[in-house]
Amino acid sequence: MKQLTALQQQGRRSNSFRNASSPLDATVEGAIKSPATIFWLILHGLCCLISLVLGFRFSRLVFFLILSPSSSPSTTTIYSAIQTTLPSSTTTPPPERNVSAAGGGSRVVVGRHGILIRPWPHPDPAEVMKAHRIIERVQMEQRSQYGVKNPRTVIAITPTYVRTFQTLHLTGVMHSLMNVPYDLLWIVVEAGGATNETASLIAKSGLKTIHIGFNGKMPVLWEDRHKLESRMRLHALSIVREKRLDGVVMFADDSNMHSLELFDEIQNVKWIGAISVGILAHSGGSEEGDLPVVQRDDNEKDERKPPQVPVQGPACNSSNHFVGWHTFNTLPFVERSARYIGDRAVVLPRKLEWAGFVLNSRLVWEDSLDKPVWVKEWEEVGKDEEDIESPLSLLKDTSVVEPLGSCGRKVLLWWLRVEARADSKFPARWIIDPPLEITVPAKLTPWPDAPPELPSSVEKAITIPENGIVNTEKRPPKSRR
Amino acid sequence: MGFCMWVLLFLPLFLWSSVGEKGIGRGSVPTERIAGSAGDVLEDNPVGKLKVYVYELPSKYNKKVLQKDPRCLTHMFAAEIFMHQFLLSSPVRTLNPSEADWFYTPVYTTCDLAPNGLPLPFKSPRMMRSAIQLISTKWPYWNRTEGADHFFLVPHDFGACFHYQEEKAIKRGILPLLQRATLVQTFGQRNHVCLNEGSITIPPYAPPEKMQSHLIPPDTPRSIFVYFRGLFYDVNNDPEGGYYARGARASIWENFKNNPLFDISTDHPTTYYEDMQRSIFCLCPLGWAPWSPRLVEAVIFGCIPVIIADDIVLPFADAIPWEEIGVFVAEKDVPYLDTILTSIPVEVVLRKQRLLANPSMKQAMLFPQPAQPRDAFHQILNGLARKLPHGKKIFLKPGQKILNWTAGPVGDMKPW
Amino acid sequence: MGSSERSKKKVHLWKKAIVHFMLCFVMGFFTGFAPTSKPSIFSSSVTMSLSSTYSPQPVEVFHQEKAQSFNRSLLDETEPESTTPREEKKENEELNVKRLVIVVTTISRRNKLRAVLLRRLANTLKLVAEPLLWIVVEQKIDDSEVSEILRKTGIMYRHVVFKENFTDVSSEMDHQRNMALNHIEHHRLSGIVHFAGLSNVYDLSFFEEIRAVEAFGTWPMAKLTANRKKVKIEGPVCDSSEVIGWHLKRMNNLTDISGPPPIHISSFAFNSSILWDPERWGRTSSAQDTSQNSLRYVRKEVLEEETKLKGIPKEGCSKILLWDVQISKEQ
């Protein structure tokens, strides 16, 4: 009878052990018995546990002792399981890993190894950010080591005005300027007066800016427009003169696209430098039968050679001396060049573009000590409207121009005059405000209010009327799914 | 209560082992060391410090082998050929063997390529044996020392063990006849049967002109954090996985393929060299052997080598401060590569880059044609010069023999 | 109970106890031999799976503990595993942890303005806060000016090349996009994927907005054409960030009006994990769908998963952040 209860207790004990709740269960049972029995039971359970642990330990020891001398690849694992206090470091790999190979003095395991795969699969975002910081620092260091020493401030002059393409163009130029690693001052001259629209746009750049208005609305005729822009640039130069701004003046038109190398290259200018401008003559964007985007001046001899972009800029002889100008060949575009901005034809540069010149700002200062003699008096410049086609008008002698960019051979700047028609409309500040009440439940009434076919080739477009109303289609109700 | 005694006896054992486990120190970032005079050692000019006698062997040992397969001129082991050409016109060469400090046997043992271009050194032991037999009978100098003042170029995977499989190479061991000679080899792993003490570890051959032609301006911003191109699994030779690169390369792929910082792939792009020049870290994990040409490429292109090969012995380790310019990661720590590399302080990264920019470091990695001061040829000579003067012990007494000409596999005994 | 009986019982009990202890010991002993894929409570540190070492699958799983102890000794500032969420958040804020943006740009050999436009796009992307990965796809040629331009940008990019020749530009572009998606899938890159055309111009805040995309995001874009009067707006109409309709691209195509309108390739972004972990998005992974034509799969998903489709910017997707200029017909 007693034996039977002992047996039961034993069963319960082993049960309780498996449940890992130690001798607690047993005490409840044993409470009926004498305290000695309780103590006895607890001790019994405890010793059972200890022997279990010991058994486990012992087996590991045996495992290690038996298997370590063999060349089994699994020994690495065992070693790390029964680890001794050997400090590991990356420079001196811990000796416990060097289990001897079959014969010889090699201590590196030869044979099969496990492929270590960690359980966390994704890169730690904090580490990714740290890596990017390292990259950033390395690039900074490269710039300071190989880049321009003692860079001058870059003074960028941009004439602009509010229109459909303004945001797009100005954003492009702004992004170029924001990448300039030097001090930069951006003078934005706006035709028709400074607007909030432009101001909010350039404020996004975080650059030092001077935003000024200019009296006079932008004309529609391309020739007049070019003249007005020249006067706007001149106006900006007069600010440079008045404020005695020191640095390199560049003309960043909002129709320009820049290679960032340009900003390093212009640091080399002493007084007035000229750079080559790639002219991207553009056909007008209609889908059929237009001019090729870039006219090739010679027959395609080599298929693999990239097409030659027509270039306007300084020309050098073989000994790298400035001899004259590459001008844009307008011949292929005769009859197809634009008179009005918004003509369905190519907008071409007029003579030499301002964008192709950079100046030392001291050239326009009122009293610069080392100002060269070949500079015209400021008051003389711009008296005659025709004279200010380009910064060359500032000079008495144009042979002093310094050709930049491997003597004009390197094109670091492109000119692409693309505009919408002058009467084009766009949502103010590009915020569309579709009145929701006009959305049509598509399923029920398939376009009862479908507008008539639009003229010319715009039928695929949705029009943005002046009030900004947009035709929209109601999606099928979500509950359907 | 004998039982309790028993418990008391074993308890300390249990405690000890559990405490022991807690003490595992994980790998730490390589510590920065104060730059030694390593640069000065690289500047050494070996001319005047040693004289080398070049044995004149029948062309079947060198020129004819090369004629048979000119591809030997461009593969990783081409150092044995260029070293010969270099020595022939080098000012350290002497035509008078009696005044020579070192003897060189020009034998191209690794220029035996399989149709696919892989060098398989099956005939090398017999070839080497035959060459030694020839010089030991034709000249008296071998027998004086049994090769202790001779050096040999054995740039193959496992050096003078002459087998491409590590297990077989270990079994073979260094060719018995070369036991006393100084071996100039690419293979370097500490405590390995295929690396003799006193061997000179050299960089693998990488074509200098080709690398030169891919140089891009040093201001090209480095925009890749970690770069690697090469195999992760060698499915053909190691279908099960785990043998190749001791699993380290597979581990790199499995853990970091999804990491945008790790530009790793098996495709070799045409811009491989340019990409290395715009990387900050270049992984140099072991392959079948602990070294790879990436070591040389990384140094040339200023990309910090991340060396993943336990116990590797690096080229000219006595002259090039590898720990200063590179990062060492233990094979078992590969899963933590991202943590290890991102936690290196940026100052340390910049310092490593500055050291890597040192032209003498790059020069020591190359075997240019023609040779230039401080290049790898000169570093080999410097290594040989530093072993001079030879100890008196190397010279054998008349009639004394140490080498066993009949040792080694039976196959090696066949005439070449 | 007699004393003899008692002592007898005592001996019996002793015997029993010893048998139990032995049994437990043997049990423990064999437990030690058993494969320990899960860390034993007794071993506090590294436990690598023994079974996996023997199994043909050459994979060993580390115990998480290892990483912790590793980090502790390696890093003094960051211990991602052991820090409390709040600390982690603070640290992340300090490091400005952001979602990865994967920008995919395809380049046609026919686009003669590609070099210039690529520079313009690079100037924009260089200003975007990291992390950003730019995948540029191009037909393989020996002397690529594209790789030279990319190299000088300093942006983290991957230049993916392919050998196939195409006669049709749009199928080439689709092939290129699939190449990029395959790269993302193969590498299991995790981020928000956006196809940036060469002729696109971005407001910088665009890239911050799309980081908020959970599954799919869409936004209106303006398509401008030179020398025209009209401005096209394409994309969603939203109520807050919920998409409730679309600005129509094709109004004359009344036949398939029941389906949502086709969406411009630059007009949506998606979480890359739908490429390599479709199960997570409640889809059965159809290998054909994903690897053969990932692009079609993604486009389908964008339009079908309307509940997961989010309008950008959050405030009613009414602000245009992306313009596309039609300069050359190739783009």
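Everything numeric in this text was worked out from a predicted model, so none of it was measured.
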- Do the side chains of A:Thr164 and C:Val231 get nearer than 4.5 Å, heavy atoms only? yes
- Of the backbone (N, CA, C, O) and the side chain (C-beta and beyond), which part of C:Thr124 lies under 4.5 Å from a heavy atom of chain A, both, or neither? both
- Message: Please classify the contact of C:Pro236 with chain A as side chain, backbone, both or neither, using a heavy-atom distance under 4.5 Å.
- Response: neither
- Item | Top of A:Arg429, A:Gln142, A:Glu261 for chain C proximity - count of heavy-atom pairs under 4.5 angstrom | A:Glu261
- Message: Quick one, C:Val325 with A:Leu168, criterion side-chain contact (heavy atoms from CB on, under 4.5 Å). Give me CA distance, side-chain angles, the key distance, then yes/no.
- Response: CA-CA 9 Å; C:Val325 207; A:Leu168 190 133; 3.4 Å; yes
- Please flag which part of A:Ile135 lies under 4.5 Å from any non-hydrogen atom of chain C: side chain, backbone, both or neither. side chain
- Message: Main chain of A:Met129, side chain of C:Lys98: is a donor-acceptor contact present, judged purely on distance under 3.5 Å?
- Response: no
- Parallel, tilted or perpendicular: which describes the rings of A:His122 and C:Trp276, with under 30° parallel and over 60° perpendicular? tilted
- Message: The criterion is side chain to side chain contact (heavy atoms under 4.5 Å, CB included); which residues satisfy it with A:Val411, sequence neighbours excluded?
- Response: A:Ser276, A:Val311, A:Trp414
- Do C:Val201 and A:His169 have side-chain heavy atoms sitting under 4.5 Å apart? no
- Message: Does any backbone or side-chain atom of A:Glu136 lie under 4.5 Å from a heavy atom of chain C? Answer side chain, backbone, both or neither.
- Response: side chain
- Item | Pairwise distance CD1(C:Ile320) to CZ(A:Phe426) - rounded to 0.5 angstrom | 11.5 Å
- Item | Atom pair CZ (C:Arg119) and CG (A:Leu412), whose distance is rounded to the nearest 0.5 Å | 8.0 Å
- Message: Is there a side-chain contact between A:Leu260 and C:Asn123 in this structure, where contact means two heavy atoms from C-beta onward sitting under 4.5 Å apart?
- Response: yes
- Query: Among all residues two or more places apart in sequence or in another chain, which pass the side chain to side chain contact (heavy atoms under 4.5 Å, CB included) test with C:Leu127?
  - Reply: A:His175, A:Met178, A:Asn179, C:Leu204
